[in-house]
Amino acid sequence: MDSMRDRFAPVVTRLLDEDPRVAVVLAEIGADGFAEAKRRHPDRVVNVGIREQLLVGAASGMALAGMRPVAHTFASFLVERPFEQVKLDLGHQDAGAVLVSAAASFDWPAGGYTHMAPGDVALLDTLDGWTVHVPGHPDEAETLLRHAVAAGDDKVYVRLSLQSNATGRSVDGQRFLTVREGHAGVVVAVGPMLDAVLAATEGLDVTVLYATTVRPFDGDALRRAAVAAGTDVVLVEPYLAGTSTAAANDALADVPHRVLGLGVGRAELRRYGQIDEHVAAHGLDARSLRERITRFTTGAVPAGA
């Protein structure tokens with residue numbers, strides 16, 4: 001199966017052909033995938049080199065000139081390194097752009113901590129007005145990329161990852177999907193966490209919601225599920241643990257509830273390892289999730305844990 005990032009360049013290349021407002025801004029990473037697009041649209045495919053602050057600044061200038069820029073590089077270089085430009089050039093100037101990241105929280109462990117960005121969504125949460133898509137499958141990534149580019153002049157972040165669920169689902173860029181219904185709590189699985197959550201909750205009496213658009217947070221869906229299934233809520237996110245806890249609390253502000261935020265821990269793992277080793281170390285594998293979800297929703301430890 002191809003990856004989310006494998007879909008990125010072909011999808012955006014088609015959008016370049018279809019819409020004269022669309023432009024692509026790169027910082028070396030991913031440039032090869034747009035070689036043909038650059039030949040066809042030399043004025044709308046721009047590689048600024050390894051200058052990430054300029055990447056965002058150039059995207060802002062294009063947006064202010066009436067274009068719909070798509071800026072791409074690794075998440076740590078797209079959100080963290082040029083955060084001042086994201087805050088001022090895009091946010092303060094109310095300039096809409098689509099930021100599309102790769103490498104996610106720890107997709108390239110050998111690259112070290114400089115190439116990891118588990119705090120990207122939490123960092124964007126300090127700013128106003130961002131839409132954040134976290135696809136869990138390449139098909140969903142294609143759909144959400146199209147939604148993002150078509151979203152007028154909105155500020156949109158699309159978080160691509162090598163981690164993926166086995167099958168894609170029909171996503172609309174807005175609402176959470178109900179994947180399983182139960183009566184003893186709600187588990188919200190974000191993007192590529194769905195397969196692990198479904199395996200972890202097999203046989204448990206919980207509702208599973210699937211979220212691929214996390215900002216705006218679909219508080220109505222969570223509230224409906226919690227009223228029907230119980231107000232113990234577990235959030236399983238592929239980035240910093242607790243990132244959406246405040247959003248869940250706000251959705252249930254007038255209802256007695258408990259929220260457990262699971263995700264990537266704050267402790268830095270200093271040995272490179274492999275992706276699955278990082279997943280297990282952060283307790284995001286199915287066995288660890290089952291123990292933590294069961295303990296939270298029932299107070300019991302599952303057999304074999």
Side-chain angles (χ1 to χ4, degrees), residues 3-5 8-9 11-13 15-16 22-35 37-38 41-65 67-134 141 145 148-149 153-162 215 238-240 243 264 268:
S3 71
M4 297 181 201
R5 196 168 177 223
F8 168 61
V11 169
V12 177
T13 295
L15 294 173
L16 282 163
V22 175
V24 174
V25 190
L26 305 166
E28 290 296 344
I29 291 170
D32 288 349
F34 286 95
K38 185 171 179 61
H41 309 287
D43 56 336
R44 291 192 286 131
V45 178
V46 179
N47 182 0
V48 301
I50 308 175
R51 293 177 288 183
E52 289 81 8
Q53 289 86 354
L54 178 58
L55 172 81
V56 176
S60 173
M62 290 178 176
L64 292 171
M67 303 180 77
R68 186 59 169 161
V70 179
H72 171 67
T73 186
F74 289 170
S76 57
F77 306 148
L78 185 63
V79 176
E80 295 178 337
R81 182 171 293 175
F83 182 69
E84 182 178 9
Q85 283 69 38
V86 174
K87 181 177 76 171
L88 299 179
D89 295 3
L90 294 177
H92 180 63
Q93 296 193 101
D94 200 24
V98 182
L99 305 185
V100 182
S101 71
S105 293
F106 41 71
D107 277 4
W108 187 31
Y113 206 53
T114 57
H115 290 70
M116 301 180 186
D120 55 348
V121 177
L123 190 55
L124 284 177
D125 262 353
T126 66
L127 304 178
D128 179 48
W130 281 86
T131 295
V132 177
H133 298 309
V134 187
L145 283 165
V149 174
D153 296 316
D154 292 353
K155 299 182 290 292
V156 185
Y157 179 50
V158 184
R159 189 182 204 262
L160 306 183
S161 176
L162 288 178
R215 300 293 181 277
Y239 35 78
L240 190 66
T243 294
V264 179
E268 179 182 345

Please report the interatomic distance [atom1]([X]) to [atom2]([Y]), rounded to the nearest 0.5 Å.
X      : Y      : atom1 : atom2 : answer
Ile29  : Asp32  : CD1   : CG    : 11.5 Å
Ser76  : Met116 : OG    : CE    : 9.5 Å
Leu15  : Leu145 : CG    : CG    : 8.0 Å
His72  : Phe8   : NE2   : CZ    : 5.0 Å
Leu127 : Tyr157 : CG    : OH    : 12.5 Å

[Y] side chain reached by [X] side chain, heavy atoms, under 4.5 Å:
X      : Y      : answer
Leu160 : Val100 : yes
Phe77  : Leu55  : no
Glu80  : Glu52  : no
Ser105 : Arg159 : yes
Asn47  : Phe34  : no
Arg215 : Thr243 : yes
Val134 : Pro238 : yes

[X] side-chain N/O to [Y] backbone N/O, donor-acceptor pair under 3.5 Å:
X      : Y      : answer
His133 : Val158 : no
Arg68  : Val149 : yes
Thr13  : Ala37  : no
Ser3   : Leu162 : no

Q: Kindly assign one of parallel, tilted or perpendicular to the pair His115 and Phe74, based on the angle between their ring planes and the thresholds 30° and 60°.
A: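 Geometry flag for Phe74 against His115: perpendicular rings.
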
Q) Taking only residues two or more places apart in sequence, or in another chain, which ones meet His41 in a side chain to side chain donor-acceptor pair (under 3.5 Å)? A)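 Only Asp17, Arg44 meet the side chain to side chain donor-acceptor pair (under 3.5 Å) criterion with His41.
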
Nearest heavy-atom neighbours spanning [X] and [Y]:
X      : Y      : answer
Lys155 : Gly96  : CG-CA, 4.0 Å
Ala75  : Asp120 : CB-OD2, 3.9 Å
Ala148 : Val98  : O-CG2, 3.6 Å
Ser60  : Ala95  : OG-CB, 3.9 Å

Q: For Phe106, enumerate each residue passing the ring pair (Phe, Tyr, Trp, His ring centres under 6.0 Å) test, keeping only those at least two apart in sequence or located in another chain.
A: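 Scan of Phe106 (ring pair (Phe, Tyr, Trp, His ring centres under 6.0 Å), adjacent residues dropped) gives His278, His282.
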
Q | Candidate list Val70, Val11, Val24, test side chain to side chain contact (heavy atoms under 4.5 Å, CB included), partner Leu16, passing option | A |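 Testing each of Val70, Val11, Val24 against Leu16, the sole residue satisfying side chain to side chain contact (heavy atoms under 4.5 Å, CB included) is Val24.
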
Kindly list each side-chain donor-acceptor pair under 3.5 angstrom involving residues 83-92, sequence neighbours excluded, with atom names and distances?
none

(Q) Tell me whether Ile50 at atom CD1 has more than 12 heavy atoms from other residues, nucleotides or ligands lying less than 6.0 Å away. (A) no

Q. Above 12 or not: heavy atoms from other molecules or residues under 6.0 Å from CG of Asp43?
A. yes

